[in-house]
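To find a chain, count down the sequence lines: A is the first, B the second, and so on, and within it residues start at 1.
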Number of protein chains: 2
Amino acid sequence: MSTIPARRRRATIHDVAVEAGVSRGTVSRVVNDEPYVSEQARIAIEAAIEKVGYVPNNAARSLVMQRSQAVGFIVHEPHSLFLEDPNIGGILLGANTALSSADYQMVCLIIDSDRDNDRVARYLSGGFVDGVIIVSARQNDPITRIVEKLALPSVFVGHPPDLRQLPFVGIDNRSSARAITERLIGTGRKRIGMIAAALDRDSGADRLAGFRDALGPRFDPALVEDVPLYAFSAGVDGMRRLLERAPDLDGVFAASDAVAAGALEALREAGRSVPGDVGVVGFDDSAWALRCQPPLSTVHQPAAGLGEAAAESVLAQLRGEEPDLGGILLDTPIVWRDSA
Amino acid sequence: MSTIPARRRRATIHDVAVEAGVSRGTVSRVVNDEPYVSEQARIAIEAAIEKVGYVPNNAARSLVMQRSQAVGFIVHEPHSLFLEDPNIGGILLGANTALSSADYQMVCLIIDSDRDNDRVARYLSGGFVDGVIIVSARQNDPITRIVEKLALPSVFVGHPPDLRQLPFVGIDNRSSARAITERLIGTGRKRIGMIAAALDRDSGADRLAGFRDALGPRFDPALVEDVPLYAFSAGVDGMRRLLERAPDLDGVFAASDAVAAGALEALREAGRSVPGDVGVVGFDDSAWALRCQPPLSTVHQPAAGLGEAAAESVLAQLRGEEPDLGGILLDTPIVWRDSA
DNA sequence: TTGTAGGCGTTATCAC
DNA sequence: GTGATAACGCCTACAA
């Protein structure tokens, strides 16, 4: 006695054709806005489409066309990224904007487990996307391999892939870090420390390297404190430790704005004024920067720009152009506010 | 003289069959791990798959199977959500986890313009997803309509759809707001104000209603300040104004943790101690809550739980079960920390 | 301007 | 166990 309401079959081009009294070919032409169809036929067909409730089936279309008009956007390690990385939202939006203008659907896929890894790999292989943008890939992961194997148009954002055989867009963390440190030095600070973070990632290591570059011979390893994550609480801890070791500190470069915000907190605890006693600079120009008291001087990361550039790269590959394997580096202007 | 390296055609089941000297049917069985295939054939076929580099084509498969094993996750107004809403990440992750366990691919689609609206509507119609989870739909938007028209298994999260004919999951903002306000009253505060936010949304209006419920006859409209957004800076402004109007205030319910963080800032400016002079409570239990000084007492939003519940609802519909149109409301425990 | 028919890569239903 | 063969819904020459 089960009365599951059999979901009725979706109307096809065939149904429309019958309803309108024309052939499937003609219906197809109307659906795709092609020329050479009489006004009379068009009207009849449009009415029929409305009547039978026809909507085109993309799976069938992409099977025959051999393309899906969709581009994947893969996010790894979403726990740290989605919940903490201030840039991911901007990248996502930038990529979507560019893809959208080209009439491509961006589909964002999250990888949060090994199982996800495999499933996403299958998804990519299956023709559901024509290209892919990858954020923060891990070393030698299944996705990177599958993308290479399929020769799927692709681009990495944030940092280069393992073997620099695949195109990428990013920023130059090292020279950006160097630039802002120099600027900090320019304000007359003499004892400048750094709260380095995530040294196991390219970005973290490069920012430290840039700091070192700027200081040159005056670089003092004792003034560097490293913390595992680009996080507020890590900034608090790092600053406390740094202050213990070097109470005479008068400048700090924090590896990210979140870390800088934490440092500000610890500095306040310790009764130091900013920028009076110590100048603080961050990195990212994320929402944190404006929220701080005083607002942070920092390095602007062009998040939306990165997303757009990534999308443009994939789009170019889709048009058959050869990707630029050298990688694309975007500018990172320094934004000078009140914290230093 | 163009030498575009014609991307070579991808191998199909047919190629594998020829290579292995068997029929396509047998190859299909191997690919799908079906029984009734000899060990010998299996070995030959697996070798052939490897040799020709075969990967199954999902578009073809979903055409014939009439399903894609994918579920869409739609995010509207990403500007405010992705960049500000502290819950979106958790919802995303929770939904992905549940979908992943059921071997469904979650594909997240962003709607950031009218153009996106139309494109996503087409995408959904096209058979690329078997169901859909919708976050923060707008009144009568194209997506809601298309979902209804297609009778696509769907669920809304955050708040109910216009016509409550579609299933949803969410929390009871009103009774949660009431509960935390009562708790604040319980600490002995006598002059309690509220910084209400986003009154044009259900969530904002409901939180105010709950606050009013808790106060009953003691409710004083003069102690309510409303701000447009759930944002830090809005909290700062709101608190300043509230303090001007009611300097004798000893308790504040902020409509969100971000707002509460802003309020704390304004309170500090004004030289009031928390929780000494005034007790402050927030809403969301987002990253803000722990980041504040002192840490916020707040209402916990089960973000991941919402995502999971939404996914389970879609999954159930996919199994043919009738959705619960009444909506599913999740618990929101109060987390009591130091700010009140 | 319109209709016909072949094929996109799979799965599924049969006989063998 | 295995191999033909008919769908799935659509696009696209090509013929009319």
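The side-chain hydrogen bond (donor to acceptor under 3.5 Å, both in side chains) pairs that include a residue from residues 41-59 of chain B are B:Glu19-B:Lys51, where partners are two or more places apart or lie in different chains. Counting only residues at least two apart or on different chains, no ring pair (Phe, Tyr, Trp, His ring centres under 6.0 Å) pair has a member in residues 17-51 of chain B. The ring pair (Phe, Tyr, Trp, His ring centres under 6.0 Å) pairs that include a residue from residues 98-133 of chain A are A:Tyr123-A:Phe128, A:Phe128-B:Phe128, where partners are two or more places apart or lie in different chains. Residue pairs meeting the salt bridge (Lys or Arg N to Asp or Glu O under 4.0 Å) criterion with at least one partner in residues 88-100 of chain A, sequence neighbours excluded, do not occur; the list is empty.
With sequence neighbours left out, the side chain to side chain donor-acceptor pair (under 3.5 Å) criterion links A:Ser100 to B:Asp116, B:Arg119. Partners of B:Arg115 under the side chain to side chain donor-acceptor pair (under 3.5 Å) rule, at least two apart in sequence or in another chain, do not exist in this structure. In this view, B:Asp114 satisfies the side chain to side chain donor-acceptor pair (under 3.5 Å) rule with no residue, not counting sequence neighbours. For A:Asn32, the side chain to side chain donor-acceptor pair (under 3.5 Å) partners two or more places apart in sequence, or in a different chain, are A:Arg61. With sequence neighbours left out, the salt bridge (Lys or Arg N to Asp or Glu O under 4.0 Å) criterion links A:Arg24 to no other residue.
A 4.0 Å heavy-atom criterion places the boundary nucleotides of DNA chain D facing chain A at D:dG9 to D:dA13, written 5' to 3'.
A side-chain contact (heavy atoms from CB on, under 4.5 Å) with A:Ile134 is found for one member of A:Val155, A:Val147, A:Val157 and no other, namely A:Val147.
Axis orientation changes by 40° from one end of the helix from C:dT1-D:dA16 to C:dC16-D:dG1 to the other, with each end axis drawn from 5 pairs and the value rounded to 10°.
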Once each nucleotide of nucleotides 8-16 of chain C is scored for protein heavy atoms under 4.0 Å, what B/S/- sequence comes out, 5' to 3'?
BBBSB----
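Using a 4.0 Å heavy-atom cutoff across all strands shown, A:Ala41 reaches sugar-phosphate atoms only and no base atom.
Proximity of A:Thr26 to the phosphate of C:dT1: no side-chain N or O atom is located under 4.0 Å from OP1 or OP2.
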